[in-house]
Number of protein chains: 2
Amino acid sequence: MQRADARFNRDRVVAAAREAFASAGLEVPMREVARRAGVGVATLYRHFPTRTELVATVLAERVEDCGVQVRRALDDPDPWRALSGVVREFAERQIHDRALNEALLGPGEVSAAFQRERREHAQALNVLVGRARAAGVLRDGVDADDVRAGLLAIASLRRLPAATSARVIGRVADLVLAGIRA
Amino acid sequence: MQRADARFNRDRVVAAAREAFASAGLEVPMREVARRAGVGVATLYRHFPTRTELVATVLAERVEDCGVQVRRALDDPDPWRALSGVVREFAERQIHDRALNEALLGPGEVSAAFQRERREHAQALNVLVGRARAAGVLRDGVDADDVRAGLLAIASLRRLPAATSARVIGRVADLVLAGIRA
DNA sequence: CCCACAGCGGAACGCCTGCTCCGTTTCCGG
DNA sequence: CCGGAAACGGAGCAGGCGTTCCGCTGTGGG
């Protein structure tokens, strides 16, 4: 039987981790997450037996957010606005959340749900690119992998000093859009 | 008086560090560099009192390489070929050297010579962009900062798993070039 | 040739990390 | 209201890092 305070503490841990990861990156120490949550490390480890699991939990939310966004774009009747909106909003998201970028870059650390979500995301993106291409708004030879590469490039930029990253991300997003447009 | 074997060992350390940083990234442990060089850690520390100094020494070489490349491009009479060549060769360099990317991204760790070289590099790039713009081969509104942002994006990509990074870097380089071209 | 001393290697120190152990506190069903 | 189980917190452990210390080695000027 799950006790009420346990559930409450779990939520506090997740909230603290979300905030810490977003502002300081995925490498923030477990002690620090526990401190921010106002619990001991043991409590943290009781809910998430390993660091990887905590990261995966928080990342799953972020990745799902991206999925929701892409699926919403599927409803937009204007193919270019839909695709460029996805790119721009993705860039915006990177500026405000340091964790997301490492979710897409780090080698292993993937959960099952995470993988599935990523696949759905890729598929939706394929559809968007297909529509844009059919509408003739894409430069010849541009495919979904090019767009994915562009998104990856935007995500990677999150590493540089915070002061400059925001402006650079914006420029690169524009560059990518200019690069795929007819 | 500097003994001959000391000088020899110093060279071995630099060579080992160069190779290690290129293949495994800047975060490779000092012990590992010493092991590769076939010396003890103390020998390493006698020549480079701190990790940062060793990194700076190796990075200075890399950054100078970039400078040489950009200055050579200044001799190319075709403005677009010169500029696109710089972008492409920069991308190529990233694929083969993991250290260079972190040189441009990491927050602090800069030496004096390093700073100067970077400024010269920036200036040469400004000239190349100026010429390309004068020749009318650039899309309206594109400036040197856009190109720099593109190079930064390419550099950042070096972080993802080696298997995919090469292909993605190539795609992004093409995307950037397409994005700045008229 | 020889021995002072520049130079060497690797054990050791201090710090930080992820993770575990265990005595104590808190919840909650009866 | 009470007792036992669930949950807690923080000290502690193992391992990895950068850096230092110190007794030994081998180079090279006299």
Side-chain angles (χ1 to χ4, degrees), chain A residues 1-59 98-99 102-103 106-111 159, chain B residues 1-59 98-99 102-103 106-111 159:
Chain A
M1 169 65 206
Q2 164 109 289
R3 243 162 63 173
D5 56 342
R7 174 137 212 104
F8 175 67
N9 275 335
R10 197 199 123 102
D11 291 348
R12 286 215 291 172
V13 165
V14 173
R18 182 165 38 227
E19 188 186 334
F21 290 161
S23 71
L26 247 33
E27 74 292 344
V28 32
M30 294 297 255
R31 282 165 168 71
E32 173 65 15
V33 174
R35 204 187 53 76
R36 289 202 196 204
V39 303
V41 279
T43 298
L44 195 162
Y45 276 97
R46 204 164 303 107
H47 293 295
F48 303 94
T50 181
R51 155 173 258 285
T52 308
E53 295 221 23
L54 174 59
V55 169
T57 301
V58 173
L59 255 41
R98 250 187 103 151
E102 307 184 34
E109 40 181 325
V110 286
S111 73
R159 299 252 181 180
Chain B
M1 168 67 206
Q2 165 109 285
R3 241 163 64 177
D5 55 343
R7 175 136 210 106
F8 175 68
N9 275 337
R10 196 199 124 102
D11 291 347
R12 286 215 291 174
V13 165
V14 173
R18 182 166 36 227
E19 188 186 335
F21 289 162
S23 72
L26 246 34
E27 74 292 345
V28 36
M30 294 296 256
R31 282 164 169 73
E32 173 65 15
V33 174
R35 204 186 52 76
R36 289 204 195 203
V39 304
V41 278
T43 298
L44 195 161
Y45 274 95
R46 204 163 303 107
H47 293 296
F48 302 95
T50 182
R51 155 174 259 284
T52 308
E53 295 219 23
L54 174 59
V55 169
T57 300
V58 173
L59 255 40
R98 251 187 103 151
E102 307 185 36
E109 41 181 324
V110 285
S111 72
R159 300 253 181 179

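Only heavy atoms go into these numbers, but all of them, side chains included; no hydrogens, no water, no symmetry mates. Here is how names work: the chains are called A, B, and so on, in the same order as the sequence lines, proteins then strands, and each is numbered from 1.
Checking side-chain atoms of A:T43 against main-chain N and O of A:V39 turns up no donor-acceptor pair under 3.5 Å.
Two residues, A:A42 and A:M30, neighbour DNA chain C, and the one matched to the more 5' nucleotide by heavy-atom proximity is A:M30. Residue order along DNA chain D, read from the 5' end via each residue's closest nucleotide, puts B:P49 first among B:P49 and B:M1. Nearer the 5' end of DNA chain D, as judged by each residue's closest nucleotide, is the contact made by B:E27, out of B:D5 and B:E27.
The distance between atom CG of B:D11 and atom P of C:dG7, rounded to the nearest whole Å, is 14 Å. Atom pair A:Y45:OH and C:dT17:P shows a separation of 11 Å (rounding to whole Å applied). Distance, A:Q2 CD to C:dT26 P: 19 Å, rounded to whole Å. Atom CZ in B:R7 sits about 18 Å away from atom P in C:dA6, given to the nearest Å. Nucleotide D:dG9 holds its C1' atom 20 Å from the CZ atom of A:R10, rounded to whole Å. The CZ-P distance, from A:F48 to C:dT20, rounds to 15 Å in whole Å. Rounded to a whole Å, the CZ atom of B:R35 is 12 Å from the P atom of C:dG10. Nucleotide D:dT20 holds its P atom 14 Å from the CZ atom of B:R51, rounded to whole Å.
Side-chain proximity of B:R46 to C:dG18, D:dT19, C:dG9: nearest is C:dG9. Listed candidates were C:dG7, D:dT20, C:dT20. Nearest to the side chain of B:V41 is D:dT20. Which of C:dG7, C:dA12, C:dC19 sits closest to the side chain of B:R31 comes down to C:dA12.
A side chain to side chain contact (heavy atoms under 4.5 Å, CB included) with B:V33 is found for exactly one of B:L44, B:V14, B:V41, namely B:L44.
B:R10 CZ to B:Q2 CD: the interatomic distance, rounded to the nearest 0.5 Å, is 8.5 Å. With values rounded to the nearest 0.5 angstrom, B:L59 atom CG is found 10.0 Å from B:L54 atom CG.
Side-chain N/O atoms of A:H47 include none lying less than 4.0 angstrom from OP1 or OP2 on D:dA6. Look at A:R3 and you won't find any side-chain N or O under 4.0 angstrom from OP1 or OP2 of C:dT26. Between A:T50 and the phosphate of C:dC19, there is a side-chain N or O to OP1/OP2 separation shorter than 4.0 Å. A sub-4.0 Å separation between OP1 or OP2 of C:dG7 and a side-chain N or O of B:T43 is absent. Taking side-chain N and O atoms only, B:N9 has no distance below 4.0 Å to OP1 or OP2 of C:dG7.
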A:M30 and A:F48: CA distance, side-chain angles, deciding distance, side-chain contact (heavy atoms from CB on, under 4.5 Å) verdict: CA-CA 11 Å; A:M30 294 297 255; A:F48 303 94; 5.6 Å; no
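Side-chain contact between B:E27 and B:R98 is present, with heavy atoms from C-beta onward closer than 4.5 Å.
Contacts of A:A4 with the nucleic acid, taken as non-hydrogen atoms under 4.0 Å apart, involve only primed sugar atoms and P, OP1 or OP2. Across all strands shown, A:V39 has heavy atoms under 4.0 Å from sugar-phosphate atoms exclusively, and none from any base.
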